[in-house]
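Encoded as structure tokens, the structure appears first; notes follow it.
Both backbone and side-chain heavy atoms feed into the values below; hydrogens, waters and symmetry mates do not. Computed from a prediction, not measured in an experiment: that's the story for all the values here.
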Amino acid sequence: MKDSASQAVGDAADTATDAVEQATGAASDAVSDAADTAAEAMDGGLFSAEGYNAVKVAELIDASPLDETRKNSLKTALMAAGDDPALLSDILGQVKEALGM
């Protein structure tokens, strides 16, 4: 009985260790992706009509400390601008300013 309990504890510890390693890896990947996106944004590419990437800009907005209302407003404006270069340029400027870039 003691061996079964020891085995169960050992298995639980292994499972917990695996879960922590997976979570740490996922968090590390997320931080790395966010850093890459931020670096690309700092280069100005994301905030130009030519280099605009809706998913990456939305990720930057979501990761920002802005309140949810402001985040949603910015993302809605970007969607409304669509492919119109003049509108998109204006909204991207607003996003850049709101993010302090």
Contacts of Glu68 meeting salt bridge (charged side-chain N to carboxylate O under 4.0 Å, His left out) (sequence neighbours excluded), chain-then-number -> Lys71

Across all chains, not counting sequence neighbours, the side-chain contact (heavy atoms from CB on, under 4.5 Å) partners of Asp90 are Gln94

Residue set satisfying side-chain contact (heavy atoms from CB on, under 4.5 Å) with Thr76, at least two apart, ordered chain then number -> none

Solution key, residues 77-84 side-chain donor-acceptor pairs under 3.5 Å, sequence neighbours excluded:
{"from": "Asp84", "atom 1": "OD1", "to": "Ala86", "atom 2": "N", "distance (Å)": "3.0"}
{"from": "Asp84", "atom 1": "OD1", "to": "Leu87", "atom 2": "N", "distance (Å)": "3.3"}

Of Leu60, Asp67, Asp62, Leu66, the one forming a side chain to side chain contact (heavy atoms under 4.5 Å, CB included) with Ser64 is Leu66

Heavy-atom closest pair (Phe47 atom, Met101 atom, distance to 0.1 Å) is CE1-SD, 3.6 Å

For Ile61 and Leu99, the nearest pair of non-hydrogen atoms, with its separation, is CA-CD2, 4.4 Å

Residues passing the side chain to side chain donor-acceptor pair (under 3.5 Å) test with Asn72, sequence neighbours excluded, are none

Self-check item: Tyr52 side chain reached by Ile91 side chain, heavy atoms, under 4.5 Å
Solution: no

Please tell me if the side chains of Glu59 and Val55 come closer than 4.5 Å, counting only heavy atoms from C-beta onward.
yes

